[in-house]
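Letters A, B, ... mirror the listed sequences (proteins, then strands); counts begin at 1.
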Amino acid sequence: MPELPEVEVVKRSLNNKVQNLIIKKVKINDGRLRYPIDKKEIIKVIGLKLKKITRRSKYLLFFFNQNIVMLVHLGMTGKFFFLNKKNIKYKTSFYYNINDKKDRKHDRVEFFLSKNQKLIYNDVRKFGFIKILNKKNLYNNFHLNDLGPEPIGKKFNFDYFKKKILRKQRVIKDVIMDQKIVSGIGNIYANEILFLSKIKPSRQAKSLKDFESKKIIKFTKNVLKNSIKLGGSSIKDFSSSNGKKGLFQQYFNVYGKKGEFCSNKNCNKKISRSIISGRATFFCLKCQK
DNA sequence: AGGCATGTTACAGG
DNA sequence: ACCTGTAACATGCC
């Protein structure tokens, strides 16, 4: 489900709701996530106040008082549901259908909050994880210490990018999905960015002309920011914590569009599909060079 | 039934 | 020690 825009949208929607609430209780329904949940660790948040949630790449950081930070990665299918008093009382809600067994089945961890509210971590495939860290050595772990700059930040610029792709024996799609080079771009947005940049995903990174690298930088920022504005995307059932569907997938040009006509008006080609670095890759043979 | 899926990383081989 | 590519993780959908 989530690449950078979706995680950002989740962060924003959660911050509005859970800020300054206190964790009353944590219930683990199934702690067998990517890293099994350490019960001794996770109960550290009980009694603490949630100050704010930030995002780094595709990771969410929940900051509590007492220097405790909860690091969350949503994997492929991780989601947060938020239930307020009203939701519980009325059983079904816009946010979350409490009677829907399909939803409830994958509720892995439930955080009981003050004011009778609840935050649920739901994850079908269990590729996500939750870890408790100390603020003082927050970046002292292999998840966060190696990450490249944020793609929508100033550090991801032409000079930086050129230095990184110099001499690299790798294809460009692989490079922009490398979290050590730039962190937050996943398979969907990589496909979209390269289509807009008119660059074939299989091009060797070092073969890019300067103007092409500049296009990649520009469209990376455009696409990600635009998607955040539209509430994210991602296929199927992505929704933010208030249940709103992301609209960005309506604007996909290539992802998942094998066999459909290229979206460029003057192009009559159909979108191709291949595999690069083990992942589905969509592109227009005519428009992308 | 088999292939595919938004992510990360352990591992094997060069 | 680095660099690269592949397989694995768990589950559901088409």
Check your understanding: Charged N to carboxylate O below 4.0 Å: is that the case for Asp210(A) and Lys162(A)?
Key -> yes
Exercise for review: Go through the N and O atoms of the side chain of Arg34(A) and the base of dT8(B), and report whether any donor-acceptor pair is under 3.5 Å.
Suggested key: yes
Exercise for review: Consider only side-chain N and O atoms of His106(A) and Lys126(A), and report whether a donor and an acceptor are under 3.5 Å apart.
Suggested key: no
**Study point:** N-O pairing of Arg170(A) and Asp178(A) below 4.0 Å
**Key:** yes
Review point. Base, sugar-phosphate, or nothing for Gly186(A), non-hydrogen atoms under 4.0 angstrom?
Key: sugar-phosphate
**Study point:** Closest to side chain of Met177(A), choosing from dT11(C), dC4(B), dG7(B)
**Key:** dG7(B)
Check your understanding: Leu33(A) CG to dT11(C) C1': how many Å, rounded?
Key -> 13 Å
Point to revise | Length of the NZ-P vector between Lys258(A) and dC14(C), whole Å | key: 18 Å
**Study point:** Electrostatic pair Glu212(A)-Lys215(A), nearest N-O below 4.0 angstrom
**Key:** no
Exercise for review: Write down the partner of dT4(C) under the Watson-Crick or G-U wobble criteria, each distance required to be under 3.5 Å.
Suggested key: dA12(B)
Review point. Is there a donor on the side chain of Arg125(A) or the base of dG12(C) sitting less than 3.5 Å from an acceptor on the other?
Key: no
Point to revise | Salt bridge present between Lys118(A) and Glu110(A) (N-O < 4.0 angstrom) | key: yes
**Study point:** Rounded distance (Å) that lies between atom P of dT4(C) and atom CD1 of Ile165(A)
**Key:** 14 Å
Exercise for review: Just say parallel, tilted or perpendicular for the rings of Phe62(A) and Phe80(A), cut-offs at 30° and 60°.
Suggested key: tilted
Exercise for review: Take atom CD1 of Ile275(A) and atom P of dT4(C), then tell me their distance rounded to the nearest Å.
Suggested key: 20 Å
Cut-off 3.5 Å, no hydrogens considered: what does the side-chain donor-acceptor table look like for residues 281-289 of chain A, sequence neighbours left out?
unit_1, atom_1, unit_2, atom_2, d
Thr281(A), OG1, Lys173(A), NZ, 2.9
Thr281(A), OG1, Ile276(A), N, 3.4
Thr281(A), OG1, Arg279(A), O, 3.0
Lys286(A), NZ, Asn268(A), OD1, 3.3
Gln288(A), OE1, Cys284(A), N, 2.8
Gln288(A), NE2, Leu194(A), O, 3.2
Gln288(A), NE2, Ile199(A), O, 2.9
Lys289(A), NZ, Lys286(A), O, 3.1

Check your understanding: To the side chain of Met76(A), which of dT4(C), dC4(B), dG7(B) is closest?
Key -> dG7(B)
Review point. How many Å lie between NE2 on His106(A) and C1' on dG12(C), as a whole number?
Key: 7 Å
**Study point:** Side chains of Ser183(A) and Arg56(A), donor plus acceptor under 3.5 Å
**Key:** yes
**Study point:** Test: Arg108(A) and Asp30(A) ion pair at under 4.0 Å
**Key:** yes
Exercise for review: Report the distance from atom CZ of Phe282(A) to atom C1' of dA5(B), rounded to the nearest whole Å.
Suggested key: 10 Å
Check your understanding: So which nucleotide from dT9(B), dT4(C), dA5(B) ends up closest to the side chain of Phe142(A)?
Key -> dT9(B)
Check your understanding: For dT11(C), does OP1 or OP2 lie under 4.0 Å from any side-chain N or O of Lys105(A)?
Key -> no
Check your understanding: Which sits closer to the 5' end of DNA chain C, Arg279(A) or Gln169(A), going by the nucleotide each is nearest to?
Key -> Gln169(A)
**Study point:** Atom-to-atom span, NZ of Lys206(A) to C1' of dT4(C) - whole angstrom
**Key:** 14 Å
Review point. Among residues 53-62 of chain A, which contact DNA chain B at a heavy-atom distance under 4.0 Å?
Key: Lys58(A)
Revision key, fill the gap. Note: contacts of residues 126-135 of chain A with DNA chain C (heavy atom, under 4.0 Å) are Lys126(A), Phe127(A)
Check your understanding: Considering only the P atoms, how many Å lie between dA10(C) and dA10(B), rounded to the nearest integer?
Key -> 15 Å
Review point. Could Lys25(A) and Phe112(A) be counted as a cation-pi pair, given that NZ or CZ must be under 6.0 Å from the ring centre and within 45° of the axis?
Key: yes
**Study point:** For atom CD1 of Ile276(A) and atom P of dC4(B), their distance in whole Å
**Key:** 16 Å
